[in-house]
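These notes are about the structure you will find just below.
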Amino acid sequence: MTPQVIFAICVAIVLVVALVVYKIKTKGIRNFAIEMITEAERIFKQGENKEKMAFVIDGVLGFIPAPFRFLITRSMVEAFIQKIFDEIKIALDYKGE
């Protein structure tokens with residue numbers, strides 16, 4: 001490979017990473033996941049928890065740019081979403097002392 005080709009590849013990689021960081025900063029994955037959780041609660045009936053979780057996971061995976069999806073597993077996203085849901089539930093269930 002010529003130095004020009006290597007340079008072009010490096011520039012392309014930097015641009016892709018910059019776009020990902022921009023997308024994540026402008027609308028963080030956590031905020032997007034909360035929006036997806038809210039939407040799932042609105043769309044699905046009570047008790048359809050597996051369907052809700054699948055909907056949110058699919059949405060969050062779709063939010064992640066394609067070149068980076070191979071680094072993030074479905075189980076990683078599920079654990080991330082579950083953590084967010086648990087935090088929201090604790091906040092909503094808090095009654096004070």
Glu35/Arg30 under side-chain contact (heavy atoms from CB on, under 4.5 Å): CA gap, chis, key distance, verdict: CA-CA 9 Å; Glu35 289 177 14; Arg30 187 177 198 287; over 6 Å; no
By side chain to side chain donor-acceptor pair (under 3.5 Å) - contacts of Thr38 (at least two apart): none
Identified side chain to side chain contact (heavy atoms under 4.5 Å, CB included) partner of Met36 from the options Val56, Ile81, Ile57: Val56
Any pair counted as salt bridge (Lys or Arg N to Asp or Glu O under 4.0 Å), so long as it reaches residues 47-57, sequence neighbours left out: Glu41-Lys52
Verify same cluster id: Ile84, Ile90 (apolar side-chain graph, 4.5 Å): no
Student check: side-chain heavy atoms of Met1 and Ile9 closer than 4.5 Å: yes
Close side-chain approach of Phe80 and Ile29, heavy atoms under 4.5 Å: yes
Validation row: Ile6, Thr2 side chains within 4.5 angstrom (heavy atoms): no
NZ/NE/NH1/NH2 to OD/OE distance under 4.0 Å, Lys83 and Glu78: no
Check: Gln82/Asp86 side-chain N/O donor and acceptor closer than 3.5 Å: yes
Plane angle bin for Phe63 and Phe32 - parallel if under 30°, tilted between 30 and 60°, otherwise perpendicular: parallel
Side chains of Arg74 and Asp58 in contact at under 4.5 Å (non-hydrogen atoms): yes
Test item: Val11 and Val14 side chains (from C-beta on) under 4.5 Å apart, heavy atoms: no
